[in-house]
Amino acid sequence: MWRSGFFCCREDVSLMIDIKLIRQDPERFKQAARNKRMVCDIDGLCAVDDRRRSLQVEFDELRHKQNEISGQIALYKNPKSKWYQQALAGGRTADELQAEGQKLVEQVAAMKARAKDLEGELREVNERFEALLLTVPQPPADEVPLGEDDTQNVEQRRVGEVPQFAFEPRDHVALMTELGMLDVERGVKLAGTRNYVLRGDGVALHRAVLQLAVDLMVERGYTQLGVPVLVRDAMMVGTGYFPGGEEQAYRCERDGLSLVGTAEVPLTAYHCDEILGEDELPKKYFALSTCFRREAGAAGKDTYGLYRIHLFEKVEQVVICRNDEQTSIAHHAEILGNAEEVLRRLELPYRVVNVCTGDLGQGQVQKFDIETWMPSRGGYGETHSASRFYEYQARRLKLRFRDRDRNLHYCHTLNNTVIASPRVLIALVENHQNADGTIRIPAALRPYLGGREVIGGS
RNA sequence: GGAGAGGUGGCUGAGUGGCUGAAAGCGACGGUUUGCUAAACCGUUGAUCGGUUAAUAAACUGAUCCGGGGGUUCGAAUCCCCCCCUCUCCGCCA
């Protein structure tokens, strides 16, 4: 389904996981598949790999002979060649040379049939090989807890105080609707379920938290990009969303483009098909973008309010760095810290969760989710997700760098939410609500709202 | 939407059937020169997948690759077909 044309450059079987690593330690990948609860036939893959390589050797040898003879034919058939001239000078006639050349041509003709067979077989085997390789998951880091699903994620730490209300707290829909900030009903009328309309201070608050996040990232030295949100399929494939995630994306079939569910896609793919210099790494980017999600398969889940919606805006951060685990880990901590700083400034209680093996994506090595306290849920709800991939995405994107010894390597990539709104508004308005239905604006946010300290009231 | 042009190595850019994996230039790396820098000169310098020895450093060797796929041919960057992408001009709309 994903023809090579979707990639910027030539397709080859080295994409995905490096087969050499699998050959070297198949157990490790079998274990990874078990832990990530994915189906993956490593033994079958290795068998196909063996077959593929022996075929390749046979084919190469045959072609070698063929090429050799072709080279000789070139001498007999090319009157311009030095060899031909010397042969003539040595007393051979042009007819003789032609006849001898013709003999060689017949010799090669016999080899061609065999080569064609081999080629067909090789292609078939390579296809099977690639299909199997596509299913191999990236092994999770050692620090990732074993588990089957999100209920087994391990809490790392809690930050901030969960508010105790002296009154009956209201949920964000009630609060925001009351204050004229939100109109769910008409959003649904316009665009169907999981849609909404922000109004007045609702829009202002939404914009304010995004801008706060943008300013923080600028402060932290990240480069801001304004990126396309409708991207080529190649970018969806390259970042690992396709194949597999087609149902989650709004695809424009006739254009071969998809609306992104996150700016991670254009940010990570920004340098695809490039070779970066080691000294320009790490690249630290962020972008504010609209995000589109079909939420297929989530029917009936989180249908209430602003939690799970088709369209939202998000500030996303991406780091592209050297191919080095320690470097990757350090950046992972950094981008996690950036997101935590946002929540600290918004005075929101949250916890950091180490996502367990069963809840990791195929390409992810480790993922930390940040969950922010949402009173109406009586619990923490996911607001951020920080992943590191090692070279998984970079391989697919042909995103490489040249080290100081001039060797090529795939980069490492990581990403994390900085803020996603309006989901974060759930936490914001619910945690900071007052008894009278007004909402206290945390100090750090006030500059973005004309200095106001409260929303609502007179 | 209409009409053209074009896609070649890290980059620029030659190359229209056979010693072309690819001229030249730039860049990079190594060396000579040099008080340092610069300049000059000489040399080296593509990728991917394999094989052999060595055990992932290195050496040798093979196949494949000039946007992608297919075809013609003993032989294709070069000829033919399909597709993708980029650019320019015109029209249209922001």
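Lettering of chains follows the sequences in order, A, B, ..., and the numbering in each one begins at 1.
- Side-chain atoms of R402(A) lie closest to rA47(B) of the nucleotides rG51(B), rA47(B), rG75(B).
- rG68(B) and rC84(B) have their C1' atoms separated by 7 Å, given to the nearest Å.
- An OP1 or OP2 oxygen of rG75(B) is reached within less than 4.0 angstrom by a side-chain nitrogen or oxygen of K112(A).
- Under a cut-off of 6.0 angstrom, the local environment of CZ in R308(A) is crowded, with over 12 non-hydrogen atoms contributed by other residues, nucleotides or ligands.
- Sequence order on RNA chain B of the closest nucleotides to D60(A) and N407(A) puts N407(A) first from the 5' end.
- Remark: I73(A) CD1 to Q107(A) CD distance equals 8.5 Å, nearest 0.5 Å.
- With rG50(B), rU86(B), rG18(B) as the choices, the nucleotide that has an atom nearest any side-chain atom of R52(A) turns out to be rG50(B).
- For the C1' atom pair drawn from rU20(B) and rG15(B), the interatomic distance equals 9 Å after rounding to whole Å.
- The side chain of N67(A) lies closest to rA63(B) when the candidates are rA63(B), rC49(B), rU56(B).
- Rounded to an integer number of Å, the gap from CZ of F59(A) to P of rA63(B) is 11 Å.
- For R123(A), no side-chain nitrogen or oxygen approaches OP1 or OP2 of rG69(B) to under 4.0 Å.
- Looking at heavy-atom distances under 4.0 Å, I69(A) makes no contact with the nucleic acid at all.
- Using C1' as the reference atom, rU56(B) and rG69(B) are 35 Å apart when rounded to the nearest Å.
- Pairing of rU32(B), defined by two Watson-Crick or G-U wobble distances under 3.5 Å, is identified with rA40(B).
- The partner of rC93(B) is absent, by the rule that a Watson-Crick or G-U pair needs both atom distances under 3.5 Å.
- Across every strand in view, rC66(B) sits unpaired, with no contact that passes the Watson-Crick or G-U test at under 3.5 angstrom.
- In this structure, the nucleotide among rU48(B), rC74(B), rG50(B) sitting nearest to the side chain of S70(A) is rC74(B).
- Judged by Watson-Crick or G-U wobble contacts below 3.5 Å, the nucleotide rA58(B) has rU53(B) as its partner.
- You'll find that the side chain of R23(A) is closest to rG50(B), out of rG50(B), rG71(B), rG70(B).
- Atom CD in E61(A) sits about 15 Å away from atom C1' in rU64(B), given to the nearest Å.
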* Trace of the side chain to side chain donor-acceptor pair (under 3.5 Å) decision for R28(A) with Q31(A) -> CA-CA 5 Å; R28(A) 177 162 166 253; Q31(A) 188 64 45; over 6 Å; no

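- In this structure, the side chain of T268(A) does not engage the main chain of V265(A) through any donor-acceptor pair within 3.5 Å.
- Nucleotides rC42(B) and rU52(B) are separated by 35 Å at their C1' atoms, to the nearest Å.
- Atoms CD (Q56(A)) and C1' (rU61(B)) sit 15 Å apart, rounded to a whole Å.
- rC81(B) sits 32 Å from rG91(B) when the P atoms are compared, rounded to a whole Å.
- The distance between atom CG of L122(A) and atom P of rG62(B), rounded to the nearest whole Å, is 19 Å.
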Pairs: protein N or O with nucleotides 26-28 of chain B N or O, under 3.5 Å:
residue	atom	partner	partner atom	Å
rA28(B)	O2'	R406(A)	NH1	3.4

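- Across all strands shown, rA3(B) pairs with rU88(B); the Watson-Crick or G-U wobble distances both stay below 3.5 Å.
- Comparing rG75(B), rG50(B), rA63(B) by their closest approach to the side chain of K20(A) singles out rG50(B).
- Pairing partner, rA76(B): none, since no Watson-Crick or wobble contact has both distances short of 3.5 Å.
- Partner of N338(A) under the side-chain hydrogen bond (donor to acceptor under 3.5 Å, both in side chains) criterion, out of E219(A), H384(A), R220(A): R220(A) alone.
- If V108(A) and R404(A) are placed on RNA chain B by their nearest nucleotide, the residue sitting closer to the 5' end is R404(A).
- A donor-acceptor pair under 3.5 Å is absent between the side-chain atoms of R388(A) and the main chain of Q366(A), judged by distance alone.
- Distance from the side chain of R53(A) is smallest for rG51(B) among the nucleotides rC49(B), rG51(B), rC85(B).
- Within 6.0 Å of atom CD in E185(A), 12 or fewer heavy atoms from other residues, nucleotides or ligands are found, so the atom counts as exposed in its surroundings.
- Rounded to whole angstrom, the span from the NE2 atom of H409(A) across to the P atom of rA47(B) amounts to 12 Å.
- If you check every strand for non-hydrogen atoms under 4.0 Å, R51(A) touches nothing.
- Between rA5(B) and rG9(B), the two P atoms lie 22 Å apart (nearest whole Å).
- Of the residues listed (Q364(A), Q393(A), K367(A)), the one engaging S387(A) in a side-chain hydrogen bond (donor to acceptor under 3.5 Å, both in side chains) is Q364(A), and it is the only one.
- Residue I275(A) is classed as a sugar-phosphate contact, given heavy-atom separations below 4.0 Å to backbone atoms only.
- The distance between atom CG of L62(A) and atom P of rG51(B), rounded to the nearest whole Å, is 18 Å.
- Straight-line distance between the P atoms of rA22(B) and rG10(B): roughly 14 Å, to the nearest whole Å.
- Residue H64(A) places at least one side-chain N or O under 4.0 Å from the OP1 or OP2 atom of rA63(B).
- In this structure, rG10(B) forms a base pair with rC26(B), meeting either the Watson-Crick or the G-U wobble geometry with both donor-acceptor distances under 3.5 Å.
- The distance from atom CZ of R51(A) to atom SG of C46(A), rounded to the nearest 0.5 Å, is 16.0 Å.
- Checking rG71(B), rA63(B), rG50(B) against the side-chain heavy atoms of V57(A) singles out rG50(B) as nearest.
- Atom CG of L425(A) sits about 11.5 Å away from atom CG of L175(A), to the nearest 0.5 Å.
- Annotation: rU64(B) and rU78(B) have their P atoms spaced 15 Å apart (nearest Å).
- Summarising the geometry, the separation between CZ on F129(A) and C1' on rU48(B) is reported as 13 Å, rounded to the nearest angstrom.
- Between the side chain of K36(A) and the main chain of G361(A), a donor-acceptor pair closer than 3.5 Å is present.
- Following rounding to the nearest Å, M111(A) (CE) and rC74(B) (P) show an atom-to-atom distance of 14 Å.
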